[in-house]
Chemist: 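Below you'll find the structure I mean.
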Amino acid sequence: MNFPFYIARRYLFSKKSTHAINVISLISVLGVAVATMALVVVLSGFNGFSDLVASFFTNFDPQIKIEAAKGKAMSANDPLLLKVKKLPMVEVATECVEDQALAVYHDRQAMVNVKGVEDNFDSLTHISNILYGEGDFRLHTANLQYGVLGIRLAQDLGTGVEWQDYLHIYAPQREGQYDASNPTDAFVKDSLISPGVLFQVKQMKYDKGYIITSLEFARRVFNRQGEITSLELRMKPGVDIDKAKEEIQTLLGDNYKVLDRYEQQADTFNIMRIEKLFAYVFLTFILMVACFNIIGSLSMLIIDKKNDVITLRNLGATDGQIRRIFLFEGRMISAAGAVIGIALGLLLCWLQQTYGLVQLGDQAGTSLSMLIQSVFTPKISSLSSSQLSLLAGFLCGILYVI
């Protein structure tokens, strides 16, 4: 066995002449363990929160969305888009027209995003999983046009799940000049009826601001005949989304943007990444402070073992070997704390995932409610490879420095 390591191991577990040294060593181990546990739990919680939010968006957002690189609309008959629809990897393709409008119901009104989609929209997304009401997901029947509202928008407008009167939609004219003597001519007006269902994504952006209707209705209101604002795709099972996105982008060139689910919600996930980064920085700083306890522990140990050092020198130990003894001592304290902290952190995640020890509320649609299933509840594998690499690298760095 390595001589310095053997002596350092004996010093770590042996009883010291001064009891305070044992206490300081224990505090050093506990400090590193608690900081490491917090790092594991918080990063796991943030990652679980990100996965949960992504699962909510999955019910509404497509796997891949194609938009015009410049401007808002693009031709529905573009040969490149038609070629994308026929790709073997594409299972469902839906044309969409989306723009802002004014929704008016009785004496209430709200600015909304009207999203017109094709009839296969329920096959494109998992919207059927987030519908509430006694009706069915319908966009049109003959000449009747239906509108599926977000649950918070329905509350604001006072429509309820199934409204009896018409919901009026006003959109500004895209052509012509504004006539102040007759302001109503500046808007296109149309009406929607209720299919008897509402949707709830549990994201305020959608629940309070979106109406899903037919593509025909949206084209008529926004004067987008022969145009679309996006082409939304669902890939066949087993298709690698990243590779599919690159292939489609290569096919379309620079005139189109190809977005995956995370890029479609870039603002939300960028904020979450920044939060995770700041949490990581603060927790690693706390871990570094905890590691300073090891310096005090080693200083006290050197004083306590002063006579042993003289004995080791007389037996032929070099100054380098003696120095490595205490370096090994610090590394073993750090390693013990790191191992204990990681084990406790993973145990906490497993306990919360299994038994649900912490809950932060029951209200749907709030950010805190999302944490019920995510904070301290993600699976052990929810720590991404990059986060595990950062954690392992940081701990190895601490061990090396000490």
Side-chain angles (χ1 to χ4, degrees), residues 2 4-5 7-9 11-13 16 18-50 270-305 320 322-352 358 371 374-376 378 380-402:
N2 185 285
F5 177 75
I7 301 297
R9 190 188 66 175
Y11 282 170
L12 180 65
F13 297 105
K16 302 351 181 250
T18 304
H19 182 65
I21 299 176
N22 290 330
V23 175
I24 294 174
S25 298
L26 180 61
I27 291 174
S28 301
V29 173
L30 291 178
V32 175
V34 170
T36 305
M37 178 186 68
L39 194 61
V40 171
V41 171
V42 171
L43 288 180
S44 185
F46 268 112
N47 217 49
F49 183 50
S50 177
N270 284 340
I271 291 173
M272 296 178 68
R273 290 190 189 99
I274 292 172
E275 290 174 342
K276 282 197 288 187
L277 175 62
F278 274 97
Y280 177 79
V281 169
F282 285 126
L283 288 172
T284 49
F285 177 75
I286 294 172
L287 182 56
M288 292 178 64
V289 172
C291 288
F292 279 104
N293 290 325
I294 301 175
I295 299 176
S297 175
L298 293 179
S299 300
M300 296 292 292
L301 182 64
I302 292 172
I303 295 172
D304 183 67
K305 301 300 181 182
I322 294 173
R323 189 183 307 111
R324 286 198 297 273
I325 289 173
F326 296 102
L327 288 176
F328 273 123
E329 177 85 8
R331 290 168 182 169
M332 284 189 288
I333 292 174
S334 299
V339 171
I340 294 172
I342 291 174
L344 290 176
L346 298 180
L347 177 62
L348 275 177
C349 291
W350 179 81
L351 288 174
Q352 179 61 22
V358 178
L371 295 175
S374 60
V375 172
F376 308 122
I380 301 305
S381 60
S382 66
L383 277 173
S384 67
S385 58
S386 60
Q387 290 169 338
L388 285 173
S389 298
L390 286 172
L391 179 58
F394 181 81
L395 293 177
C396 291
I398 290 296
L399 294 177
Y400 177 81
V401 171
I402 296 301

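Bear in mind the structure is a predicted one, so any value in this text is a computation, not a measurement.
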Chemist: Please name the pair of heavy atoms, one in Val42 and one in Ala279, separated by the smallest distance, quoted to 0.1 Å.
Modeler: CG1-CB, 4.0 Å

Chemist: With rounding to the nearest 0.5 angstrom, report the CG to CD1 distance, Leu301 to Ile294.
Modeler: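 Spacing of CG (Leu301) from CD1 (Ile294) equals 12.5 Å.
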
Chemist: Of all the heavy-atom pairs spanning Val32 and Ala290, show the shortest one and how long it is.
Modeler: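 Looking at all heavy atoms of both residues, the shortest contact is N-CB, 4.0 Å.
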
Chemist: Hey, mind stepping through Phe326 and Ile322 against side chain to side chain contact (heavy atoms under 4.5 Å, CB included) and telling me if it holds?
Modeler: CA-CA 7 Å; Phe326 296 102; Ile322 294 173; 3.9 Å; yes

Chemist: Which atom names give the shortest non-hydrogen contact between Leu298 and Gly330, and what distance separates them?
Modeler: CD2-N, 3.7 Å

Chemist: As an exercise, state the distance from OG of Ser25 to CE of Met300, rounded to the nearest 0.5 Å.
Modeler: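 So the gap between those two atoms works out to 9.5 Å.
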
Chemist: Kindly compute the distance separating CG (Leu30) from CE (Met37), expressed to the nearest 0.5 Å.
Modeler: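 So the gap between those two atoms works out to 10.5 Å.
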
Chemist: What heavy-atom pair brings Met332 and Arg9 nearest, and what distance separates the two atoms?
Modeler: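 Minimum heavy-atom separation between Met332 and Arg9: CE-N, 3.4 Å.
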
Chemist: Can you tell me how far the SG atom of Cys349 sits from the CG atom of Leu344, to the nearest 0.5 Å?
Modeler: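 Those atoms lie 11.0 Å apart.
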
Chemist: On a heavy-atom basis, which atom in Ala338 and which in Thr36 lie closest, and how many Å separate them?
Modeler: O-CG2, 3.8 Å

Chemist: What distance separates Leu26 CG from Ile333 CD1, expressed to the nearest 0.5 Å?
Modeler: 10.0 Å

Chemist: Out of curiosity, Phe282 CZ to Leu277 CG, how far, rounded to the nearest 0.5 Å?
Modeler: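 Going from the CZ atom of Phe282 to the CG atom of Leu277 covers 9.5 Å.
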
